[in-house]
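Input: a single structure, listed below in structure tokens.
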Amino acid sequence: MTSQRIPCDYLGDYVGQFVRIVGTVLSFSSTEAKIAPEQGKTVVIKCEPGETLDEEKFKSPVVEVIGNVADKTTIVMIKTFALGDKFDLELYNNALKYKMKYSEAF
């Protein structure tokens, strides 16, 4: 499985594909979490039916989620990485936008 890091605005273009998305944890339950990849934007993270999300991973202020894009605002999670509280989300998002705009350079 390969996954591409993308800005949240591109989720709709990747429905059915595996992606990586980074965001600030907004809320968590055993079956769903919400993260904010950018100010004012929310992505819903769901687990596979019959599974639960790992609460320990979502205790981190910032996480990276790998999963299958269900729709333009939802990812079905496969794996989550805790990135801690020193991760510069704004810098990360700016780099991703340049990567998407100038993909031939990357």
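- Looking only at distances, a side-chain donor or acceptor of Asn93 sits under 3.5 Å from a matching main-chain atom of Pro37.
- Closest approach of Cys8 to Lys41, counting heavy atoms only: SG-CD, 3.5 Å.
- Between the CD1 atom of Ile78 and the OG atom of Ser3 there is a distance of 8.5 Å, given to the nearest 0.5 Å.
- Legend: residues meeting side chain to side chain donor-acceptor pair (under 3.5 Å) with Tyr92, ordered by chain and number and at least two apart, are absent.
- For the atom pair CG of Asp54 and OG1 of Thr80, the computed distance is 7.5 Å after rounding to the nearest 0.5 Å.
- Here the straight-line distance linking atom CD of Gln4 with atom CG of Leu96 works out to 9.5 Å at 0.5 Å rounding.
- Side-chain contact between Lys34 and Val44: present, with at least one pair of heavy atoms (C-beta onward) separated by less than 4.5 Å.
- Taking OH of Tyr10 as the reference point, atom CD1 of Ile6 lies at 9.5 Å (rounded to 0.5 Å).
- One distance of note links CD1 of Ile66 with CD1 of Ile75; it measures 10.5 Å at 0.5 Å rounding.
- The two residues Lys57 and Val63 have their closest heavy-atom pair at O-CG1, 3.3 Å.
- Under the 4.5 Å side-chain contact rule for hydrophobic residues, Val62 and Phe58 do not share a cluster.
- Both Ile45 and Tyr14 belong to a single network of hydrophobic side chains, linked directly or stepwise wherever heavy atoms of I, L, V, M, F, W or Y lie under 4.5 Å apart.
- Between Thr73 and Val43, every side-chain heavy-atom pair lies at or beyond the 4.5 Å cut-off.
- Between the Ser60 side chain and the Gly84 main chain, a donor and an acceptor come within less than 3.5 Å of each other.
- Under the 4.0 Å criterion applied to side-chain N and carboxylate O atoms, Lys97 and Asp9 are not assigned as salt-bridge partners.
- The shortest distance between side-chain heavy atoms of Leu53 and Ser30 does not fall below 4.5 Å.
- Scored by the ring pair (Phe, Tyr, Trp, His ring centres under 6.0 Å) test, Phe18 finds no partners at all (sequence neighbours excluded).
- Within the 4.5 Å cutoff, the side chain of Thr74 has heavy atoms near those of the Lys46 side chain.
- Between Val76 and Cys47, the shortest heavy-atom contact is CG1-C, 4.1 Å.
- Here the shortest heavy-atom pairing between Arg5 and Lys99 reads O-NZ, 3.2 Å.
- Val22 and Ile35 get closest at one heavy-atom pair: C-CD1, 4.4 Å.
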Requested in this report: Check the pair Val69 / Gln17 against side-chain contact (heavy atoms from CB on, under 4.5 Å), numbers first and verdict last.
Outcome: CA-CA 6 Å; Val69 180; Gln17 298 179 50; 5.6 Å; no
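- Ser29 contributes a side-chain N or O that, together with a main-chain N or O of Glu32, makes up a donor-acceptor pair within less than 3.5 Å.
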**Report entry** Trace of the side-chain contact (heavy atoms from CB on, under 4.5 Å) decision for Val19 with Leu11
**Finding:** CA-CA 8 Å; Val19 299; Leu11 280 176; 4.1 Å; yes
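- Considering only residues two or more places apart in sequence or on other chains, Lys79 meets the side chain to side chain donor-acceptor pair (under 3.5 Å) condition with none of them.
- Considering OG1 of Thr52 and CD of Glu55, their distance stands at 10.0 Å, rounded to 0.5 Å.
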Requested in this report: Please test Leu26 against Thr42 for side-chain contact (heavy atoms from CB on, under 4.5 Å), starting from the C-alpha separation and ending with a verdict.
Outcome: CA-CA 8 Å; Leu26 299 174; Thr42 302; 3.8 Å; yes
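- Pairing each heavy atom of Asn68 with each of Gly16, the nearest pair is OD1-C, 3.1 Å.
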